[in-house]
Amino acid sequence: MTARRNVWMRPERPARGPRPSFSRAQLTEAAIRIADAEGLEAITMRRVAAEIGAGTMSLYRYIDGKDDLIDLMVDAVADEFVPDDLAITGDWRANLRAMAEQMRAAMLRHPWLAPLTPGRQNSGPNRIRATERTLRMLDGLGLGMDRMLAIIGTVVAYVSGFVQSEIAEAEALRRTGVDFAEWTAMQAPYLMSVIQSGEYPLFTRMLTEAGKELTGSDERFAFGLDCLLDGIARTLPDDD
């Protein structure tokens, strides 16, 4: 199988043919608009071409196909993970927290992104810049590159997993029109029989106690991130 070339090795403008009527950035922005509104499955070359008022075949002068388009989309949004105005200080914990919060916000703005973030391999200019800035957060801590990448990957995995749960709940509400409280009430008769059986004491505690200390997604996200950062802190070399 022939390896797919990196889209950024392809010239922005074809060497031959008529002058392009749109830019690669406009093509990417159109695809992101569609995916934000309708999901990644709505992305087709025909649909994106219609969005920018071009012929479908004209898109192939810029990209080889849908995989290239997704690479461009992921790279464009990666700039929102570690934006230029995100201060990088000597406080690695504060830096990683700020990055995680920015990443979560970006993934919620672009719900199609969370499943792609850990696995999409082709690196573009925004993703490379974001990686460089993220590595700077851990530089100087006495860590080898493998450990630095493992720490960053762990934070990314936490954010991605948390956001996918948030998106799944929002999708369930959209699909059924039933929010979590209403869904829980619908389950009440069966859950009450579980409680009355006395066989599941911890599950019973979950049903009766959960949601009183950490009352919303923001609080749960922050608490989980604190636990993660505490664990990372224990792996760092001692200052002395």
Side-chain angles (χ1 to χ4, degrees), residues 3-14 17-86 99-131 156-157 159-179 217 221:
R4 185 166 62 91
R5 61 177 172 173
N6 189 309
V7 66
W8 289 277
M9 294 297 293
R10 181 170 182 157
E12 168 76 16
R13 294 185 176 183
R19 183 180 179 85
S21 57
F22 54 89
S23 68
R24 185 179 284 168
Q26 289 173 306
L27 179 65
T28 305
E29 290 166 2
I32 290 174
R33 284 196 303 271
I34 295 170
D36 285 352
E38 303 174 40
L40 201 63
E41 64 277 4
I43 297 296
T44 65
M45 299 293 275
R46 182 187 301 274
R47 178 67 190 281
V48 174
E51 181 76 10
I52 61 176
T56 302
M57 296 308 297
S58 68
L59 270 60
Y60 291 95
R61 300 174 59 215
Y62 297 81
I63 56 177
D64 289 336
K66 181 176 177 178
D67 284 343
D68 280 353
L69 187 55
I70 293 174
D71 280 343
L72 290 169
M73 294 165 63
V74 171
D75 189 68
V77 177
D79 202 37
E80 300 178 31
F81 289 177
V82 194
D84 292 337
D85 60 357
L86 180 64
M99 181 197 73
E101 291 171 348
Q102 292 278 356
M103 185 175 295
R104 178 186 175 217
M107 289 180 178
L108 289 174
R109 285 193 295 270
H110 309 290
W112 51 271
L113 179 63
L116 295 178
T117 300
R120 183 60 55 166
Q121 297 300 316
N122 281 348
S123 293
N126 288 331
R127 188 165 184 174
I128 290 171
R129 184 166 56 249
T131 301
V156 171
V159 177
S160 178
F162 192 94
V163 170
Q164 288 187 68
S165 294
E166 291 185 281
I167 292 171
E169 175 57 30
E171 172 59 19
L173 174 59
R174 183 200 66 78
R175 188 179 65 252
T176 65
V178 177
D179 65 20
S217 291
F221 179 80

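One-based numbering along the sequence shown.
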Ser123 side, atom OG; Trp8 side, atom CH2 - distance, nearest 0.5 Å: 8.0 Å
Non-hydrogen atoms of Arg24 and Val7 that approach each other most closely: NH1-O, 3.7 Å
Test item: Tyr62 and Leu72 side chains (from C-beta on) under 4.5 Å apart, heavy atoms: no
CZ (Arg109) with more than 12 external heavy atoms under 6.0 Å: yes
Spacing of CG belonging to Leu59 relative to CZ belonging to Arg46, to within rounding of 0.5 Å: 11.5 Å
Salt-bridge present (Arg129, Asp79; N to O < 4.0 Å): yes
Stepwise side chain to side chain contact (heavy atoms under 4.5 Å, CB included) test for Ile43 and Val48: CA-CA 7 Å; Ile43 297 296; Val48 174; 4.3 Å; yes
Reported CD-to-CG distance for the pair Glu80 and Leu86, which is rounded to 0.5 angstrom: 13.0 Å
Where Met45 and Ile63 come nearest, the two heavy atoms and their spacing: CE-CD1, 3.7 Å
Separation between CE of Met107 and CG of Leu113, rounded to the nearest 0.5 Å: 5.0 Å
Inter-residue atom distance Asn126.CG - Thr131.OG1, 0.5 Å rounding: 10.5 Å
Nearest heavy-atom neighbours spanning Gly65 and Tyr60: CA-CE2, 4.2 Å
Audit row: Phe81, Gln102, side chain to side chain contact (heavy atoms under 4.5 Å, CB included) steps and yes/no: CA-CA 5 Å; Phe81 289 177; Gln102 292 278 356; 5.8 Å; no
Pairwise distance CD1(Ile32) to CE(Met73) - rounded to 0.5 angstrom: 5.5 Å
Aromatic Phe221 / basic Arg104 pairing, under 6.0 angstrom, 45° off normal: yes
Intermediate values then yes/no, side chain to side chain contact (heavy atoms under 4.5 Å, CB included), Leu40 and Leu116: CA-CA 10 Å; Leu40 201 63; Leu116 295 178; 3.8 Å; yes
Ser160 side chain to Gln164 side chain, donor-acceptor N/O pair below 3.5 angstrom: yes
